[in-house]
Amino acid sequence: MKFLTLISDAYAMGPAPQGGGQGDPIMSLVASLLPLILIIVVFYFLLIRPQQKRAKEHRQMLENLKRGDKVITVGGIYGVVEAVNPNTVVLKIAENVKVKFSKQSVAALRPPTDED
C-alpha cells in the first residue's frame, strides 16, 4: 500500500500542465495525421506511380506486338514472333521449332540488331 502512495506523490511533484488542455482540437488532429499523410504521399511517388507506369508500358508493348519482332520471355527464351493472337503469341525459337506462349509471358522486346 505504501507503493501506491509513492506513485501519487510522484505525480503530485510533477510540473503543472500548461494551457489547461484548451488547445484547438482540429489543429491537434491535423498535427497527428500529418506524418501519416506524408508517408502515404512518399509511398505513392516512390513505389506506386513508377510501378503503374511500368505496367502501362508493358501492356502497350504487348498490344503492339507484330510478326517479326524479336522478344524475350519471362523464362529467358529468346524468339521471333511468328503469329499474334488475342491472348497468345507463337514464337520461333529455332529452325522448325515454334512454341505457343501466353502474351503475358513476353517480358521485353529485343533490339532488331540483336543476333539470334
Side-chain angles (χ1 to χ4, degrees):
M1 201 63 173
K2 186 165 178 101
F3 179 71
L4 292 176
T5 58
L6 290 176
I7 291 175
S8 63
D9 289 342
Y11 280 119
M13 289 182 203
Q18 300 295 322
Q22 299 296 324
D24 187 11
I26 294 178
M27 289 305 291
S28 173
L29 179 66
V30 169
S32 65
L33 289 179
L34 189 62
L36 182 62
I37 292 170
L38 288 174
I39 289 172
I40 291 171
V41 168
V42 167
F43 267 90
Y44 176 76
F45 282 106
L46 292 180
L47 299 174
I48 298 169
R49 190 167 177 235
Q51 180 62 31
Q52 288 176 338
K53 184 179 177 184
R54 278 192 298 272
K56 181 179 178 184
E57 290 171 355
H58 186 256
R59 192 170 39 254
Q60 288 176 343
M61 184 264 307
L62 292 178
E63 289 173 359
N64 296 329
L65 277 179
K66 61 187 180 299
R67 190 170 198 267
D69 284 345
K70 294 181 178 184
V71 296
I72 304 171
T73 66
V74 292
I77 297 173
Y78 286 63
V80 178
V81 176
E82 288 291 315
V84 179
N85 299 314
N87 295 321
T88 60
V89 67
V90 177
L91 299 181
K92 180 180 177 184
I93 58 174
E95 286 299 319
N96 298 322
V97 180
K98 295 178 183 175
V99 183
K100 185 186 248 184
F101 286 94
S102 166
K103 261 189 174 180
Q104 294 297 321
S105 67
V106 175
L109 288 173
R110 294 185 301 158
T113 59
D114 199 12
E115 58 183 75
D116 290 327

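We use all heavy atoms of the structure for the numbers below, so side chains are in, but hydrogens, waters and symmetry mates are not.
Ile37 is connected to Leu29 through a chain of hydrophobic side-chain contacts under 4.5 Å among Ile, Leu, Val, Met, Phe, Trp and Tyr, so both are in one cluster. Cluster membership check: Val41 does not share its hydrophobic cluster with Leu38, using side-chain heavy-atom separations under 4.5 Å among Ile, Leu, Val, Met, Phe, Trp and Tyr. Ile48 is connected to Phe45 through a chain of hydrophobic side-chain contacts under 4.5 Å among Ile, Leu, Val, Met, Phe, Trp and Tyr, so both are in one cluster. Linking Ile, Leu, Val, Met, Phe, Trp and Tyr residues whenever their side-chain heavy atoms come within less than 4.5 Å places Leu65 and Val99 in a single cluster. Residues Val30 and Ile39 are members of separate hydrophobic clusters, defined by side-chain heavy-atom contacts under 4.5 angstrom among Ile, Leu, Val, Met, Phe, Trp and Tyr.
Checked by atom type and distance alone, the side chain of Asn64 pairs as donor or acceptor with a backbone atom of Gln60 at under 3.5 Å. Side chain of His58 to main chain of Gln104: no donor-acceptor pair is present (N/O by atom type, distance under 3.5 Å, no hydrogens or angles).
Sorted by first then second residue, the salt bridge (Lys or Arg N to Asp or Glu O under 4.0 Å) pairs that include residues 72-82, not counting sequence neighbours, are Arg67-Glu82, Glu82-Lys98.
Atoms OG and CD1, on Ser105 and Ile72 in that order, are 12.5 Å from each other to the nearest 0.5 Å. If you take CD1 on Ile93 and OH on Tyr78, they are separated by 13.5 Å, rounding to the nearest 0.5 Å. A distance of 3.5 Å separates OG1 of Thr88 from CG of Asn85, quoted to the nearest 0.5 Å.
Of the options Gln51, Glu57, Gln52, a side chain to side chain donor-acceptor pair (under 3.5 Å) to Arg54 is made by Gln51 and by none of the others.
The two residues Val80 and Arg110 make their nearest non-hydrogen contact at CG2-NH2, 4.4 Å.
For Ile26, the CD1 atom counts as loosely surrounded, since its 6.0 Å shell holds 12 or fewer non-hydrogen atoms of other residues, nucleotides or ligands.
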With side-chain contact (heavy atoms from CB on, under 4.5 Å) as the test, would you mind laying out the steps for Ile77 and Leu91 before giving the verdict? CA-CA 10 Å; Ile77 297 173; Leu91 299 181; 5.6 Å; no
Are Leu109 and Lys70 close enough, and set up right, to give a side-chain contact (heavy atoms from CB on, under 4.5 Å), and what steps lead you there? CA-CA 6 Å; Leu109 288 173; Lys70 294 181 178 184; over 6 Å; no
Are Arg59 and Lys56 close enough, and set up right, to give a side-chain contact (heavy atoms from CB on, under 4.5 Å), and what steps lead you there? CA-CA 5 Å; Arg59 192 170 39 254; Lys56 181 179 178 184; 3.8 Å; yes
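With sequence neighbours excluded, the residues that form a salt bridge (charged side-chain N to carboxylate O under 4.0 Å, His left out) with Glu95 are Lys92. Residues meeting the salt bridge (charged side-chain N to carboxylate O under 4.0 Å, His left out) test with Lys103, sequence neighbours left out: none.
Contact annotation: the side chain of Val90 never approaches that of Val81 to less than 4.5 Å [non-hydrogen atoms, C-beta and beyond].
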